Undergrad: 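Pasting in a structure now, in structure tokens, and then I'll have a few things to ask.
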Amino acid sequence: MRAIAISGFGQEPELMTLPIPAPGPDDVLVRLHAAGLNPIDWKIADGSFRTSTEDFPLVLGIDGAGVVDKVGPAVTAFRPGDEVYGQFRGSYADYALATPVLAPMPKGMIFSQAAAVPIATTTAYNMVETAKVVPGQIVLVSGATGGVGQQAVQFAVGAGATVIATATADMAEHMRRLGAAELVDHTLRPVAEQVLALHPGGIDAVLDLVSADPVALTELAQTVRPGGTVVTTLFSADPEALAAREIVGVNLNNKAGAELLTLVADLIDAGKLLVRIDNLVSLRDAPSALDRNKAGLSRGKTVIEI
Ligand SMILES: NC(=O)c1ccc[n+]([C@@H]2O[C@H](COP(=O)([O-])OP(=O)(O)OC[C@H]3O[C@@H](n4cnc5c(N)ncnc54)[C@H](OP(=O)(O)O)[C@@H]3O)[C@@H](O)[C@H]2O)c1
């Protein structure tokens with residue numbers, strides 16, 4: 001089968017011909033039609049996010065959608081021919097074994113749309129849940145124009161919050177369409193300064209998707225009033241220091257199950273949640289799509305058609 005894989009951490013991802021994985025008793029083997037690109041894919045490739053596996057060649061990609069090809073004898077939930085989406089062990093390939101995060105694809109979805117959903121949308125959902133957003137609160141989404149951010153804006157709006165989204169002018173209209181009430185352009189002035197100018201009394205929560213540097217996150221946290229919450233996906237929060245200011249700080253390591261996947265799929269199917277595909281590429285072009293995302297040029301999801 002064709003696969004985009006690395007032969008070692010830090011090696012360039014390349015198109016390889018590899019054997020189709022053989023399903024074990026509990027495994028579901030899927031013929032993939034689309035894979036979703038996430039920043040963790042290039043973080044795994046460059047070695048900055050080490051996985052437990054050291055088996056090379058390592059096929060890249062987690063998110064994907066396709067058709068069940070074979071199942072192990074212990075599998076009862078899926079059968080060959082089922083259209084499914086979820087998380088895989090190497091989704092940038094013709095075939096991959098699914099993880100337990102697998103759900104039937106809703107009828108209204110096409111493979112490329114479904115592949116864009118798993119990590120970004122479930123992370124966004126869990127960020128808003130973690131921040132315990134309630135109606136009337138003011139929530140900043142930092143990194144709002146990205147794959148996770150666009151979904152976080154919609155979930156926070158759905159929870160009844162007034163959402164401030166970071167966005168450059170070219171993304172303003174789209175972010176308003178997603179429900180953002182206020183926009184701050186992170187390329188013009190410090191975000192914290194702009195948020196405090198809008199809300200001198202502070203806001204209720206920051207959902208951060210960009211502050212790898214703890215100093216940058218501390219600066220954003222200055223916008224949060226006592227009693228508020230800061231959730232980041234970049235593991236840069238210092239919960240103790242934030243607690244001293246009566247702020248709950250959470251470094252979110254996303255966990256999703258098939259149930260959450262089904263919940264978000266139903267929202268998308270019902271037209272209550274939009275997924276913006278920013279870039280649709282072929283499997284051969286996946287390495288350059290990874291470079292593009294790493295360079296910070298994505299504005300929403302990148303999907304690889306297989
Ligand atoms: N911990 C977990 O479980 C978990 C789960 C999912 C994702 N993550 C991490 O969360 C991060 C976001 O993921 P993603 O998929 O949303 O990434 P993404 O789609 O690549 O996000 C890119 C977006 O970030 C915006 N951005 C970059 N710098 C910014 C800044 N300083 N201020 C405001 N916006 C900025 C960009 O807009 P401009 O081009 O306009 O700057 C772009 O729209 C990644 O680092 C990812 O690895 C972690």
Side-chain angles (χ1 to χ4, degrees), residues 1 3-5 18-41 43-45 49-55 58-107 109-130 147-148 151 155 233 251-269 273 275 301 303-304 306:
M1 66 171 189
I4 299 292
L18 298 175
I20 295 174
D26 298 311
D27 284 330
V28 177
L29 179 71
V30 174
R31 168 70 176 97
L32 289 157
H33 288 283
L37 184 151
N38 291 285
I40 194 172
D41 302 341
K43 291 179 188 179
I44 288 172
F49 188 102
R50 291 280 168 132
T51 54
S52 52
T53 172
E54 299 279 343
D55 283 346
L58 178 66
V59 180
L60 298 178
I62 297 170
D63 285 349
V67 178
V68 174
D69 186 68
K70 283 194 185 110
V71 297
V75 175
T76 53
F78 299 100
R79 342 180 256 204
D82 288 351
E83 293 190 346
V84 291
Y85 84 118
Q87 299 186 351
F88 295 85
R89 289 174 253 165
S91 63
Y92 294 8
D94 287 321
Y95 293 85
L97 295 174
T99 71
V101 187
L102 189 74
M105 227 172 69
K107 301 250 177 305
M109 262 202 215
I110 55 171
F111 293 115
S112 55
Q113 189 190 29
V117 171
I119 289 182
T121 305
T122 63
T123 301
Y125 179 91
N126 285 327
M127 289 182 93
V128 172
E129 285 288 302
T130 302
V148 180
Q151 309 309 89
F155 284 125
T233 56
N251 290 304
L252 185 92
N253 187 10
N254 188 47
K255 300 268 180 295
E259 216 169 277
L260 178 53
L261 211 49
T262 303
L263 185 151
V264 299
D266 288 346
L267 291 174
I268 294 166
D269 215 17
L273 188 69
V275 179
K301 293 299 303 181
V303 173
I304 298 153
I306 299 168

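Not measured: the values here are computed from a predicted model. The first residue of the sequence shown is numbered 1, and numbering continues consecutively from there.
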Undergrad: Sequence neighbours left out, what pairs pass salt bridge (Lys or Arg N to Asp or Glu O under 4.0 Å) with at least one residue falling in residues 69-86?
TA: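 Matches after skipping sequence neighbours: none remain.
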
Undergrad: Show me, pair by pair, the donor-acceptor contacts under 3.5 angstrom made by side chains of residues 112-122, not counting sequence neighbours?
TA:
{"residue": "Thr121", "atom": "OG1", "partner": "Val117", "partner atom": "O", "Å": "3.2"}
{"residue": "Thr121", "atom": "OG1", "partner": "Gln151", "partner atom": "NE2", "Å": "3.3"}
{"residue": "Thr122", "atom": "OG1", "partner": "Pro118", "partner atom": "O", "Å": "2.7"}
{"residue": "Thr122", "atom": "OG1", "partner": "Ile119", "partner atom": "O", "Å": "3.4"}
{"residue": "Thr122", "atom": "OG1", "partner": "Asn254", "partner atom": "ND2", "Å": "3.0"}

Undergrad: Give the minimum heavy-atom separation between Gly36 and Asp41, together with the two atoms involved.
TA: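 Heavy atoms of Gly36 and Asp41 come nearest at O-OD2, 3.7 Å.
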
Undergrad: Side-chain donor-acceptor pairs under 3.5 Å in residues 256-267, sequence neighbours left out?
TA:
{"residue": "Thr262", "atom": "OG1", "partner": "Ala258", "partner atom": "O", "Å": "2.9"}

Undergrad: Only pairs at least two apart or in different chains count here, so list each salt bridge (Lys or Arg N to Asp or Glu O under 4.0 Å) that has a residue in residues 93-103.
TA: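 Salt bridge (Lys or Arg N to Asp or Glu O under 4.0 Å) check on residues 93-103 returns Arg2-Asp94, Arg31-Asp94.
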
Undergrad: Please list all pairs passing the salt bridge (Lys or Arg N to Asp or Glu O under 4.0 Å) test where one or both residues lie in residues 112-130, with sequence neighbours left out.
TA: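 Qualifying pairs, neighbours excluded: none.
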
Undergrad: Run the side-chain contact (heavy atoms from CB on, under 4.5 Å) test on Leu102 and Phe88 for me, step by step, so that the C-alpha distance in whole Å, both residues' side-chain angles and the decisive distance to 0.1 Å come before the verdict.
TA: CA-CA 8 Å; Leu102 189 74; Phe88 295 85; 3.8 Å; yes

Undergrad: On a heavy-atom basis, which atom in Pro21 and which in Leu97 lie closest, and how many Å separate them?
TA: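 Heavy atoms of Pro21 and Leu97 come nearest at CB-CG, 3.8 Å.
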
Undergrad: Does a salt bridge link Asp55 with Arg89, judged by any charged N lying under 4.0 Å from a carboxylate O?
TA: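 Result for this pair is no, no salt bridge flagged.
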
Undergrad: Take Asp63 and Gln87, measure what side-chain contact (heavy atoms from CB on, under 4.5 Å) needs, and give me the verdict at the end.
TA: CA-CA 5 Å; Asp63 285 349; Gln87 299 186 351; 3.8 Å; yes

Undergrad: Side chains of Val67 and Phe111: does their closest heavy-atom pair fall under 4.5 Å?
TA: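 The answer is yes, as the side chains (C-beta and beyond) meet within the 4.5 Å cut-off.
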
Undergrad: How many angstroms lie between atom CZ of Phe155 and atom CG of Asn126, to the nearest 0.5 angstrom?
TA: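 Phe155 atom CZ to Asn126 atom CG measures 9.0 Å (nearest 0.5 Å).
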
Undergrad: So, taking the atom named CD1 in Ile62 and the one named CD1 in Ile40, what distance separates them when rounded to the nearest 0.5 Å?
TA: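 It comes to 4.5 Å.
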
Undergrad: Quick check: closest heavy atoms across Asp26 and Ala74, and the distance to 0.1 Å?
TA: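 Here Asp26 and Ala74 meet closest at OD1-CB, 3.2 Å.
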
Undergrad: Indicate the atoms forming the closest heavy-atom contact of Ile306 with Ser91, along with that distance.
TA: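 What the structure gives for the nearest pair is CD1-O, 3.4 Å.
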
Undergrad: Mind checking the CG-OG1 spacing from Leu252 to Thr233? Nearest 0.5 Å is all I need.
TA: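 Output value for this atom pair is 7.5 Å.
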
Undergrad: Among residues at least two apart in sequence or on other chains, which ones pass ring-ring contact (aromatic ring centres under 6.0 Å, His included) with Tyr95?
TA: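 Residues passing ring-ring contact (aromatic ring centres under 6.0 Å, His included) with Tyr95: none at all.
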
Undergrad: Which residue in the set Val148, Asn38, Leu37 passes side-chain contact (heavy atoms from CB on, under 4.5 Å) when paired with Lys301?
TA: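 With Lys301 as partner, side-chain contact (heavy atoms from CB on, under 4.5 Å) holds for just one option, Asn38.
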
